[in-house]
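Naming convention: chains lettered A, B, ... in sequence-line order (proteins, then strands); numbering from 1 in each chain. Because only heavy atoms are used, hydrogens play no part in the values below, and waters and symmetry mates are left out as well, while side chains stay in.
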Protein chains: 2
Amino acid sequence: MTVDLERLGRSLKRVQHRDHRALDAALRETGISLVQWDALRAIDRAPGSSAHALAAASFQSDQAFGTLASRLVSAGYIERRPGPGRRIEHHLTTDGHDALDAGRRATDRVWRALFGSLDSEQRMTLQLLLDRLLASEPGDDAG
Amino acid sequence: MTVDLERLGRSLKRVQHRDHRALDAALRETGISLVQWDALRAIDRAPGSSAHALAAASFQSDQAFGTLASRLVSAGYIERRPGPGRRIEHHLTTDGHDALDAGRRATDRVWRALFGSLDSEQRMTLQLLLDRLLASEPGDDAG
DNA sequence: TTTCCTATCTCAACATATTGATATAAGTAC
DNA sequence: GTACTTATATCAATATGTTGAGATAGGAAA
């Protein structure tokens, strides 16, 4: 039987959309959005990174990350310091670390709920299939 | 072995993001965005629908669909006519039908390229796993 | 008919993302 | 040192999405 690829794509989109909404809602109680929390995680994984590097790490344009970072500065979650060349180094503030931890606690439950309908083996299968999709070049020829 | 759910979620997001970009790029040659083309598809599936119904069908707020529809009107792709109550009925124009068809031709190749790294059985497995995720209530308890 | 509820649409403010253009720092070539 | 290139950041315009707050049409209840 042939799978309808449009439907497959729409299902992927819906799952991702649902994940986003559920995580965002859980984080709202801690006063931060999913996107902003994601950025805090990226900075925490590689403190001192440039905006350019962080944008690449979160699969965004430099511009998008720039505005996001400026909102995080306004909120007091991160600090930006000049680095070599045009680079700007990013670091979490104490508030930023706190928000990151609060977010971790808030999202932990949500992840388990979102994937609760899959057993261990199914989750692994899903991960493997997604890895395979991501490993292939988007421009690859296909039959 | 236990699957890292955060990683699983991030993989889902990346796949969806890549799909979006690839389809959007293919559609750009036809002069329309993926989001707008998606709306044309929804209207074509149920001509005469209200903005409220179409918003629900595309998993969006009424407001988001409203601004999208007004852009589609400006572009000459759809017409809006008053219906019963406060409802507004949505219909494709001739240009809208043309854009829809052009989009179909442009996206066909892309879908096959995006999922080219999965064989038939793997695609079906992926669809089944996503269906299972979507069938479960997001609020469900999970262990 | 006044009140209330629900459905539907819209306005306003804002967050997030895109493309395109521009500016600046540093390195490389001549 | 001037020109070219690359890396990095930013401005501007715009598309897309959210929440919150109305506004209006129609039906139900008193």
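- Regarding contacts with the backbone of D/dT16, a side-chain N or O of B/R71 is found under 4.0 angstrom from either OP1 or OP2.
- Atom CG of A/D24 and atom P of D/dT16 are 20 Å apart (whole Å).
- Within 4.0 Å of B/H17, counting heavy atoms only, lie sugar-phosphate atoms of the nucleic acid but no base atom.
- Within the 4.0 angstrom heavy-atom criterion, no nucleotide atom of any strand lies near A/T67.
- Within the model, atoms CD of A/E79 and CD of A/E89 stand 11.5 Å from one another, a figure rounded to the nearest 0.5 Å.
- B/G85 comes within 4.0 angstrom of sugar-phosphate atoms only, judged by non-hydrogen atoms across all strands, and of no base.
- The residue B/Q63 sits close to a base: some heavy atom pair falls under 4.0 Å.
- Side chain of B/Q60, nearest nucleotide from C/dT16, D/dT18, C/dC9: D/dT18.
- Note: CZ (B/R18) to C1' (C/dA17) measures 20 Å, nearest angstrom.
- In this structure, the nucleotide among C/dT19, D/dT19, D/dG17 sitting nearest to the side chain of B/S61 is D/dT19.
- For the OP1/OP2 pair of D/dT19 and a distance below 4.0 Å, the side-chain nitrogens and oxygens of A/R21 include at least one atom meeting the criterion.
- At the heavy-atom level, B/S50 lies under 4.0 Å from the strands shown only through sugar-phosphate atoms.
- Taking side-chain N and O atoms only, A/S33 has a distance below 4.0 Å to OP1 or OP2 of C/dT16.
- At whole-Å resolution of the value, CG in A/L68 and C1' in C/dT18 are 15 Å apart.
- Closest to the B/I88 side chain, of the nucleotides D/dA15, C/dT10, D/dT18, is C/dT10.
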Walk me through it: do A/L129 and B/R123 pass the test side-chain contact (heavy atoms from CB on, under 4.5 Å)? CA-CA 9 Å; A/L129 290 171; B/R123 292 175 184 182; over 6 Å; no
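- The shortest distance between the side-chain N/O atoms of B/R80 and the OP1/OP2 oxygens of C/dT10 is below 4.0 Å.
- Counting non-hydrogen atoms of neighbouring residues, nucleotides and ligands closer than 6.0 angstrom, the CZ atom of A/R80 exceeds 12 such neighbours.
- One interatomic measurement links the two molecules: NE2 of B/H52 to C1' of C/dC9, which rounds to 10 Å at whole-angstrom precision.
- Between the side chains of B/S11 and A/Q127, at least one donor-acceptor pair of N or O atoms lies under 3.5 Å.
- Atom CG in A/L54 sits roughly 13 Å away from atom P in D/dT10 (whole-Å rounding).
- Aromatic ring orientation, A/H90 versus A/F65: perpendicular (interplanar angle above 60°, classes split at 30° and 60°).
- In the interface, the side chain of A/R86 is paired with the base of C/dA23 through a donor and an acceptor atom under 3.5 Å apart.
- In terms of position on DNA chain D, the residue among A/R28 and A/P84 whose nearest nucleotide sits closer to the 5' end is A/P84.
- Counting to the nearest Å, the P atom of C/dA7 and the CZ atom of B/F65 are 19 Å from each other.
- A/A64 comes within 4.0 angstrom of a base, heavy atoms only.
- Taking atom CG of B/L72 as the reference point, atom C1' of D/dA15 lies 12 Å away to the nearest angstrom.
- For the atom pair B/E6 CD and A/T107 OG1, the distance stands at 5.5 Å (nearest 0.5 Å).
- At whole-Å resolution of the value, CG in B/D62 and P in C/dA12 are 18 Å apart.
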